[in-house]
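A note on names: the letters A, B, ... follow the listed sequences, proteins ahead of strands, and every chain is numbered from 1.
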2 protein chains.
Amino acid sequence: MGKVEGRRWSGVTMSDVARRAGVSPMTVSNVINGRAQRVSEQTRLRVLATIDELGYQVNMTARNLRMGRTGAVGLAVPAFAPGYYAQLAQRLADRFDAHGLRLVVERTGASRAAELDALAAPRLSSYDGFVLSVVAGDAADLEKLSIDTPVVLIGERAVPARFDHVLMDNVGGARMATEFLLRSGARRIALLGGAAGGAESMHELRTQGYQAAHEAAGVPVRDELVVGCDFGVEDGYTATHELVVRGIAFDAVFALTDSGAIGALRALAETGRKVPDDVQVVGFDDLDDGRFVVPALTTVEPGNAEMADAICSLLVERIASRPDQAPARVVMPEPRLVERETTRRP
Amino acid sequence: MGKVEGRRWSGVTMSDVARRAGVSPMTVSNVINGRAQRVSEQTRLRVLATIDELGYQVNMTARNLRMGRTGAVGLAVPAFAPGYYAQLAQRLADRFDAHGLRLVVERTGASRAAELDALAAPRLSSYDGFVLSVVAGDAADLEKLSIDTPVVLIGERAVPARFDHVLMDNVGGARMATEFLLRSGARRIALLGGAAGGAESMHELRTQGYQAAHEAAGVPVRDELVVGCDFGVEDGYTATHELVVRGIAFDAVFALTDSGAIGALRALAETGRKVPDDVQVVGFDDLDDGRFVVPALTTVEPGNAEMADAICSLLVERIASRPDQAPARVVMPEPRLVERETTRRP
DNA sequence: CTGAAAGCGCTAACAT
DNA sequence: ATGTTAGCGCTTTCAG
């Protein structure tokens, strides 16, 4: 499929209105922008009538160019559908609204290339500020990022020091969840979405927390219980199924995301495991969905509200104060465990 | 909290680069836009180096103004978080990508005022085309809508004839679901989110289908089974709970949305009702979530893919062909029932 | 109260 | 292969 071309058909301009109403464009502008003191009531009404008659509409692109600002903040997420991003968008939109800024959401596509593309200078220049959820790019990629548009980064990747960065305590949260399961008597905790090597991705960090909790409790980590998978519902479902099929025994599941946990619950139900009696389950993120699945999901609440607050205030500050003289800040709220029905009290 | 003001700090322009590289702005433009034939390799490299040195970035606002197009289409939805809108956005983004258009998502807030605001000319002028999910505005409101930006409307409200309109077969789908329940032996079907009067909203249309199925089957509609509620998870949960508390007997639940149905499932589990043995449940929308809840949700698939296809192709056509001479089109796919585990075979 | 001039940063069209 | 001219539609500034 080809690109869509063609430019907007003419459209009525401010000058058209001005000419027709027998005034200068400036007066039309004043009317439109409610600078009442500068226009007589009579003229105002005439201009308004002409605007209506001609069906004139302000061209935001032109206004933005002239004013050097857009009133919009961009949020780039890997995908729209995962509950986590949708809820994040919702929260941010509320907060930015309070500052007179609209939030507009774009999709990066989670590939490194797509993510960088979203961050390319052009895209950013359409916004007064930008929030980027970094899942794929590395520090070097980000280094090239626009310096003209204030940016707040979210996500666990290491980011260049010049950026404000808001992130979850992945290690701490995972450790908290794992410790809770261990205290509840679990000894064979499957880790859904776990990863072995490095230290950069969400998978890896949460895996570290899982391991740390085991070490602290003197319980060995069994490799066969650490199954790598993506963080969608379907992924959690498939991974859990596989575990069962392969005959690997486990008495708990720690899913790296609530979505994954919900998939796991489904797989456990299908294979006749009772939750939490046979298998306990803990997720991560505190999605709204988790409260309504049966049984309701115990999860790690990573400080979603605090993160949204931080993202908003950091960005608003940068936007308001021109040059980024203020040093970059890092915000990482304290996670907490939300006990519901998929676990037993220790 | 006050508005955020202040304009973008100067920033390096194309002229800056040109001057520094000892060429004209036009040459810089040619380099940036890859018009290779028009620039010697030597100059190209020099310009590129200068761009790098100065950290220059194209100003999209200026480019958009000059070119009269933005390469973006807007999607306005009442809220980001409900699964339905997130999935819609996802689907649309895929399709528009194929046409070289980025999808950017904005939130209207579901109030009539907010919705109209989103549709105000200024907002629209930032996009090559716009998709609006109409939930609150009426035909008269929409009549005032921009004529300069191609718009496709989605949603069940009556809309002015000049707009392309994509909608679900709400009545047919609801009737299909209800008939299925009736055939499966249900005689007291609770309608979650039902409405009495009018004919405009999704609630009302789906209620009509529910009633039509009852009439056709000669089963009376009991008013106490039609409970009005919003379409979120929590709403379905609360409504179902209330039904139980009030001691109203029912052997099936038709929830107007999958989200509502998922809430209902939770409430039924809490109150000890077995699904589908004691109570059958059907939703509407075919959200991904429905496949993974326990038991998996039977639902009406309203033709999501076809709707996304239609929205995209209608809009792309309008964008490509200047004046809207083509008559407006209405697309309403055939719904189908997806049987899963919350119902019994008739 | 109203208007004229200037220019935001870019690119199409036409020179050279 | 490169430069010049003009202007997208708006608003800031300053003059009437």
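- Rounded to a whole Å, the CZ atom of A:Arg19 is 12 Å from the P atom of D:dC10.
- Within the 4.0 Å cut-off from OP1 or OP2 of C:dG3, at least one side-chain nitrogen or oxygen of A:Thr27 is found.
- For A:Met67, the listed nucleotide lying nearest its side chain is D:dT11; candidates were C:dG9, C:dT11, D:dT11.
- Using a 4.0 Å cut-off, some side-chain N or O of A:Thr43 falls inside it from OP1 or OP2 of C:dT2.
- Within the 4.0 Å cut-off from OP1 or OP2 of C:dC1, not a single side-chain nitrogen or oxygen of A:Arg38 is found.
- Between D:dT11 and A:Ser29, a contact under 4.0 Å exists linking OP1 or OP2 to a side-chain N or O.
- Taking atom CG of residue B:Leu65 and atom C1' of nucleotide D:dC8, one finds them 4 Å apart after rounding to whole Å.
- Scored by the side-chain contact (heavy atoms from CB on, under 4.5 Å) test, A:Thr43 finds A:Val23, A:Thr27, A:Val39, A:Ser40, A:Arg46, A:Val47 as partners (sequence neighbours excluded).
- Taking side-chain N and O atoms only, A:Asn59 has no distance below 4.0 Å to OP1 or OP2 of D:dC8.
- For B:Pro25, counting side-chain heavy atoms from C-beta on, the closest listed nucleotide (D:dT13, C:dT11, C:dC1) is C:dT11.
- Nucleotide D:dC10 holds its P atom 3 Å from the OH atom of A:Tyr56, rounded to whole Å.
- To the nearest angstrom, P of D:dT11 lies 7 Å from CE of A:Met26.
- The backbone N or O of B:Arg69 sits nowhere less than 3.5 Å from a side-chain atom of B:Asp128 that would complete a donor-acceptor pair.
- To the nearest angstrom, C1' of D:dT12 lies 9 Å from CZ of A:Arg35.
- The side-chain hydrogen bond (donor to acceptor under 3.5 Å, both in side chains) test applied to A:Arg38 returns no partner, not counting sequence neighbours.
- Every residue two or more places apart in sequence or in another chain that forms a side-chain contact (heavy atoms from CB on, under 4.5 Å) with A:Ala62 is listed here: A:Asn59, B:Leu65.
- Between B:Ala62 and B:Gly22, the residue anchored closer to the 5' end of DNA chain D is B:Gly22, taking for each the nucleotide with the nearest heavy atom.
- Within the structure, a side-chain polar atom (N or O) of A:Ser24 is placed less than 4.0 Å from OP1 or OP2 of C:dG3.
- Residue A:Met14 contributes atom CE, which lies 8 Å from atom C1' of D:dT11 at whole-angstrom precision.
- A donor-acceptor pair shorter than 3.5 Å cannot be found between the side chains of B:Tyr85 and B:Gln90.
- Of the listed nucleotides (C:dC10, D:dG9, D:dT11), D:dT11 has the atom at the smallest distance from the side chain of A:Asn33.
- At a threshold of 4.0 angstrom between heavy atoms, the contacts of B:Asn30 with the nucleic acid are absent.
- The side chain of A:Thr61 places no N or O atom within less than 4.0 Å of a non-bridging phosphate oxygen (OP1 or OP2) of D:dC10.
- As a whole-Å value, the separation of B:Asp16 CG from C:dG9 P is 8 Å.
- Axis angle across the helix from C:dC1-D:dG16 to C:dT16-D:dA1, with five pairs used at each end and values rounded to 10°: 40°.
- Nucleic acid contact for A:Asn64: none, since no nucleic acid atom lies under 4.0 Å from a heavy atom of the residue.
- With respect to B:Arg318 and B:Asp164, a salt bridge is recorded, a charged nitrogen being found less than 4.0 Å from a carboxylate O.
- Listed pair B:Arg63 / C:dT11 meets the phosphate criterion, a side-chain N or O lying under 4.0 Å from OP1 or OP2.
- Listed by chain and number, the residues in a side-chain contact (heavy atoms from CB on, under 4.5 Å) with A:Leu45 are A:Glu41 (sequence neighbours excluded).
- Computed from coordinates, the A:Met60 CE to D:dC10 P distance equals 11 Å when rounded to whole Å.
- Residues forming a salt bridge (charged side-chain N to carboxylate O under 4.0 Å, His left out) with A:Arg35 (at least two apart in sequence, or on another chain): none.
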